[in-house]
Amino acid sequence: DGPSIEDFRTFFEGVPYDVLYNGYVVYPPREDARVTITGFTASYLSSQQAATIVNRFCHADEFSWDYEASNIWAWWD
């Protein structure tokens with residue numbers, strides 16, 4: 001399982017770079033209605049910001065760090 005919405009919110013709150021979340025919504029009236037974040041892309045990162053994200057999220061099911069473009073992508077199944 002990936003981090004919770006609260007984990008993402010707490011980690012990325014107030015960051016000075018772009019974060020785009022991906023995920024899905026299961027709508028009512030289904031009994032299992034929910035919002036789920038399955039991953040993110042963080043862009044325009046400094047080296048220090050990238051290192052912080054790598055240390056926290058490198059164990060995602062899929063993880064990619066484009067050092068030259070300063071982008072990180074992480075996804076959980």
Side-chain angles (χ1 to χ4, degrees):
D1 289 340
S4 69
I5 290 175
E6 182 65 17
D7 291 337
F8 283 121
R9 188 193 66 75
T10 301
F11 184 84
F12 288 114
E13 186 173 45
V15 297
Y17 47 84
D18 292 345
V19 179
L20 176 65
Y21 298 101
N22 53 343
Y24 61 91
V25 176
V26 176
Y27 292 96
R30 285 185 43 167
E31 292 180 19
D32 62 342
R34 65 191 178 279
V35 174
T36 302
I37 294 175
T38 57
F40 68 87
T41 301
S43 304
Y44 309 109
L45 304 168
S46 70
S47 296
Q48 181 60 41
Q49 292 163 341
T52 300
I53 293 172
V54 168
N55 287 334
R56 173 65 174 88
F57 296 111
C58 66
H59 300 292
D61 294 331
E62 294 188 27
F63 186 88
S64 173
W65 179 11
D66 183 341
Y67 184 78
E68 290 182 12
S70 300
N71 295 328
I72 291 179
W73 177 79
W75 178 79
W76 289 263
D77 187 12

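Please read all numbers here as calculations on a predicted model, not as lab measurements.
For the salt bridge (charged side-chain N to carboxylate O under 4.0 Å, His left out) condition, the pairs that include at least one residue of residues 3-17, sequence neighbours left out, are Glu6-Arg9, Arg9-Glu13. Counting only residues at least two apart or in different chains, salt bridge (charged side-chain N to carboxylate O under 4.0 Å, His left out) contacts with residues 65-77 are absent.
Partners of Ser70 by side-chain hydrogen bond (donor to acceptor under 3.5 Å, both in side chains), not counting sequence neighbours: none found. By the side-chain contact (heavy atoms from CB on, under 4.5 Å) test, Asp32 is found to be paired with Val26, Arg30, Arg34, residues two or more places apart in sequence or in another chain being considered. For Ser46, the side-chain hydrogen bond (donor to acceptor under 3.5 Å, both in side chains) criterion is met by Gln49, not counting sequence neighbours.
Under the 3.5 Å distance criterion, the side-chain polar atoms of Asn22 are matched with a main-chain donor or acceptor of Gly39.
In the displayed structure, Gln48 atom CD is contacted under 6.0 Å by at most 12 heavy atoms of other residues, nucleotides or ligands.
In the hydrophobic clustering, Val19 connects to Ile5, Phe8, Phe11, Phe12, Val15, Tyr17, Tyr21, Val25, Tyr27, Val35, Ile37, Phe40, Leu45, Ile53, Val54, Phe57, Phe63, Trp65, Tyr67, Ile72, Trp76, either directly or through intervening members, whenever side-chain heavy atoms lie under 4.5 Å apart.
Contact record, Ala60 with Ala74: CB-CB, 4.0 Å, taken as the closest heavy-atom pair.
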